[in-house]
Amino acid sequence: MRLYQGLLFLLLLSCCAFAQDKPLADRLGAQNALFEEQYQSDLRNFPTRATAYGDYRYNDKLGDYSLHCPSQNVIRRTAAS
């Protein structure tokens, strides 16, 4: 069993050593693009966090958590019925 584990380790080590065919700058650029895409997605999905970070593009998606809002919604629903 140890022999198989040792051979598997050597195989994985050699694959990792020879698999780096792209230059480091290209790999870092791709990684940074992926991180930037995830960051922008998080800002879109969590507008409160985006506003806290100083990005006001998603303020139109913020919820109304004021005390005034729920009572107005109840009044509007009652009046519409």
Side-chain angles (χ1 to χ4, degrees):
M1 186 68 177
R2 281 187 90 89
L3 177 65
Y4 291 125
Q5 289 176 345
L7 290 174
L8 181 64
F9 177 73
L10 287 175
L11 177 67
L12 290 174
L13 187 64
S14 63
C15 288
C16 291
F18 294 114
Q20 299 179 2
D21 55 347
K22 290 185 179 179
L24 178 63
D26 291 344
R27 290 181 299 177
L28 284 177
Q31 179 184 7
N32 289 339
L34 181 66
F35 289 154
E36 181 64 25
E37 180 182 342
Q38 180 64 42
Y39 178 71
Q40 293 300 326
S41 173
D42 286 347
L43 292 179
R44 245 187 335 274
N45 293 328
F46 303 103
T48 306
R49 184 181 302 166
T51 302
Y53 290 161
D55 190 349
Y56 302 111
R57 292 179 289 172
Y58 306 107
N59 279 356
D60 59 331
K61 293 177 177 40
L62 290 173
D64 189 1
Y65 298 110
S66 66
L67 294 176
H68 186 340
C69 183
S71 63
Q72 288 299 320
N73 289 338
V74 171
I75 292 171
R76 284 186 204 134
R77 278 191 233 139
T78 307
S81 297

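Each residue takes its place number in the sequence, starting with 1.
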- Taking all non-hydrogen atoms of both residues, which atom of Asn59 and which atom of Thr51 are closest, and how far apart?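 It is OD1-OG1, 2.6 Å.
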
- Task: Return the minimal non-hydrogen interatomic distance between Ala50 and Tyr58, and the atom names on each side.
- Result: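 In terms of heavy atoms, the two residues are closest at CB-CD1, 4.0 Å.
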
- Task: For atom CD of Glu37, decide whether the heavy atoms of other residues, nucleotides or ligands shown that lie under 6.0 angstrom number more than 12.
- Result: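 Not buried by this count: 12 neighbours or fewer within 6.0 Å.
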
- Message: Within this structure, what is the CG-CG distance for the pair Asp26 and Leu28, rounded to the nearest 0.5 Å?
- Response: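 Rounded to the nearest 0.5 Å, the CG-CG separation comes out at 9.0 Å.
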
- Task: Could you tell me the separation between the CG atom of Leu24 and the CD atom of Gln31, rounded to the nearest 0.5 Å?
- Result: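 Reported to 0.5 Å precision, the distance equals 9.5 Å.
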
- Would you indicate whether the side-chain heavy atoms of Gln5 and Phe9 approach each other to under 4.5 Å?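 No, side chains not in contact.
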
- Message: Can you confirm whether the side chains of Glu36 and Asn32 place a donor and an acceptor under 3.5 Å from each other?
- Response: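 There is no such pair (donor and acceptor under 3.5 Å, judged by atom type) between the side chains of Glu36 and Asn32.
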
- Message: Which residues pass the salt bridge (Lys or Arg N to Asp or Glu O under 4.0 Å) test with Arg44, not counting sequence neighbours?
- Response: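 Partners of Arg44 by the salt bridge (Lys or Arg N to Asp or Glu O under 4.0 Å) criterion come out as none, since no residue qualifies.
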
